[in-house]
Number of protein chains: 2
Amino acid sequence: MTVTIKDVAKIANVAPSTVSRVIANSPRISEPTKEKVREAMKELGYHPNFNARSLANKSTKTIGLVMPNSANKTFQNPFFPEVIRGISSKAHQLEYGLYLSTGQSEQEIFDEVQDMVQGKRVDGIVLLYSKVNDKVMDYLRNQKFPFTVIGRPYDENMKDITYVNNDNLKAAKTVTEYLILLGHQQIAFIGGNLDTVVTLDHMKGYEKALTNAGIEPRKDYVVFHEELQEGGQEAVIDLMSLSERPTALIVADDIMTFGVMRMLNEMEVKVPDDISIVSFNNVMISELSSPPMTTVDINIFSLGYEAANCLIEKIMKPGTEPRQVIIPHKMIKRQTCQRLVRRLSAQ
Amino acid sequence: MTVTIKDVAKIANVAPSTVSRVIANSPRISEPTKEKVREAMKELGYHPNFNARSLANKSTKTIGLVMPNSANKTFQNPFFPEVIRGISSKAHQLEYGLYLSTGQSEQEIFDEVQDMVQGKRVDGIVLLYSKVNDKVMDYLRNQKFPFTVIGRPYDENMKDITYVNNDNLKAAKTVTEYLILLGHQQIAFIGGNLDTVVTLDHMKGYEKALTNAGIEPRKDYVVFHEELQEGGQEAVIDLMSLSERPTALIVADDIMTFGVMRMLNEMEVKVPDDISIVSFNNVMISELSSPPMTTVDINIFSLGYEAANCLIEKIMKPGTEPRQVIIPHKMIKRQTCQRLVRRLSAQ
DNA sequence: TTGAAAGCGCTAACAA
DNA sequence: TTGTTAGCGCTTTCAA
């Protein structure tokens, strides 16, 4: 009942191999026979069997997406649909399919990746996260399996790894400098998960800007939290309980910023009058906060698009050099930052 | 270099078919030989070739996810990561993989689905959206290919289709009644894309509640918009320009509500003092609006989980009856609704 | 330019 | 309980 290459061959009066060549659009087949075969295919409603192709071919034309473990709330960040949209866009262009990891824990994900790779389910992999000491990355590297990372490997020496990243250090530095120029000196930093590479980069940029400006970084102005929303809120409580409250906040992620702003709202601390905020990512909804937030657009779509691009290049030309792509970022000024107005009395 | 079943067979001193049976954990193989074979597999680092299996098997153990076209902003709704998490969870349990559609337009998606189905890339499909007159759904139905829909088919007569949905009509009705009980009479409705089934159900529920309460539904209190964020904001402008402003708003989607609240904020209309709002979905960030929004939790995770469950059941027992699963919803009261206080003067 | 035939790695009848 | 063998549907040498 399934239409195969043989059926087509019979109808078109050619050999199966000829049909195969027509599918691949081989130049060694004459136009007339191509036409004949194509008509037969249309007539029978032929579609090539994907598994048979892959088996004979040793190529699946699909790329595997490895997400952070989905038990984690990170997963719900609108960041992901948007990177996937980027990846998807490039993949579609080049006729690659997408296969998703489903593991909930690190171990499950690791096992899955192993199956994908050894079971020849995918031709390459995009890691949608980058964290410190990642088993999956080490495995892929040892296997010399094509993969690209969104973000960057923790170890700067891994020059053999292809990744697509923003200059997060620079972005954080600029943002801090911006706040300093607005007159802020008491600038706090609310970071994400500490074993995420991006968090570390943000913090370095933040500290660098402070030091350059002659401001001593303070331990109690730096808070990290795993969970996106709750984390943001707890951090605010901690910071606002300090005797010297910060006058500006740098927040690692737009979603966290929503939590932060909500908490400040409850405390009746006005943004930006009482406190300024800058955050990172510029996900779709970030312009919908009240007031709309100032944030760094990291071009999430491009991160995905380029990651797919690099990966497919790697797959098609195995010899090529590893690449490190930096996607430009851009600060989007909205309404959560304001020049510091010195108060006469302490708060 | 690839380790095959034959290599394992050789090392374990058995026939390839025996190895195959051990992989399938057939009960017709003795424990001792199973052990022997498993050791050989471990020793060689054997992983079954996925494509070869599928080809011989006529089963891929993967399910296809069809998203709404990703050109559309809908895609960025945190709704999707969450349904996928639900699907993923069940799929993983039952050892199914996930394959993603990448098409950007309706036609592209349709072509892809056809390839997935006829090319035997997946064993079944979950449609992550449900809209009026969907070609993809018709195709799947004609092919008698296993699929489930999140939401429901437009045509109520399609009793042969398995779907997982909320009682959206009821939810909208309840929410409207709630606002009426709070004293509101001028209740507006901001709906999503009009050819989405859920929008229609919401509107019916809304109108029913009004009619039951003896309130005449007004055309100018009902606005639809395609785009999630911008739409929300435009709708607010329209509604607030009416000579009789509504005192309460029912908004189809949490993300839209963010846009609505931002716009109201700009207009210095206070929520909930000047206007009450209820919305739908309860995505993760919905509790992070300022003030936190009252919304209907539709249990997105369960929608996905059950969809996968039904689908896999359909795949495994082809004879079973189509099922219609309704996931319970629950109104989450937060701080955007308030009893109407009659004003002495007009606004 | 086309055809014949071997083989990709696995499963599943059928035999033993 | 295990082995033998014929495919699954395609690609790709090799020959013509």
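Letters A, B, ... are given to chains in the order of the sequence lines, protein chains preceding strands, and every chain is numbered from 1.
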Working to the nearest 0.5 angstrom, can you tell me the gap between [X] [atom1] and [Y] [atom2]?
X: B:Ile326; Y: B:Asn165; atom1: CD1; atom2: CG; answer: 5.0 Å
X: B:Leu128; Y: B:Ile150; atom1: CG; atom2: CD1; answer: 5.0 Å
X: B:Thr2; Y: B:His47; atom1: OG1; atom2: NE2; answer: 13.0 Å
X: A:Asp134; Y: A:Asp155; atom1: CG; atom2: CG; answer: 13.0 Å

When rounded to whole Å, the CG to P distance for the pair B:Leu44 and C:dG9 reads 14 Å

Residue set satisfying side chain to side chain donor-acceptor pair (under 3.5 Å) with A:Lys36, at least two apart, ordered chain then number -> none

Its 5'-most and 3'-most nucleotides having an atom under 4.0 Å from a non-hydrogen atom of chain B, DNA chain D is contacted over D:dT1 to D:dG9

Residue set satisfying side chain to side chain contact (heavy atoms under 4.5 Å, CB included) with A:Lys6, at least two apart, ordered chain then number -> A:Thr4, A:Pro16

What residues 48-56 of chain B contributes to the DNA chain D interface at heavy-atom separation below 4.0 Å is B:Leu55, B:Ala56

salt_bridge([X], [Y]) N-O dist < 4.0 Å:
X: B:Glu313; Y: B:Arg323; answer: yes
X: A:Lys131; Y: A:Glu106; answer: yes
X: A:Asp160; Y: A:Arg141; answer: yes
X: A:Lys42; Y: A:Glu39; answer: no

Per nearest nucleotide of DNA chain D, the residue lying toward the 5' end, B:Asn57 or B:Asn13, is B:Asn13

Taking the six-membered ring of A:Phe50 as reference, does the cationic atom of B:Lys120 (NZ for Lys, CZ for Arg) lie under 6.0 Å from its centre and within 45° of its axis? no

Sorted by number, residues from residues 17-32 of chain B placing a heavy atom under 4.0 Å from DNA chain C are B:Ser17, B:Ser20, B:Arg21

Taking only the side-chain nitrogens and oxygens of A:Thr33, find out if one of them lies under 4.0 Å from OP1 or OP2 of C:dT1.
no

Short side-chain N/O contact to C:dT11 OP1/OP2 from B:Lys58, under 4.0 Å: no

Is there a side-chain contact (heavy atoms from CB on, under 4.5 Å) between B:Leu303 and B:Phe301? Walk through the geometry before answering.
CA-CA 5 Å; B:Leu303 285 169; B:Phe301 182 90; over 6 Å; no

One would report the end-axis bend of the helix from C:dT1-D:dA16 to C:dA16-D:dT1, five pairs per end and rounded to 10 degrees, as 30°

Query raised in the report: Should B:Phe147 and B:Val136 count as side-chain neighbours, where that means a heavy-atom distance under 4.5 Å?
Result: no

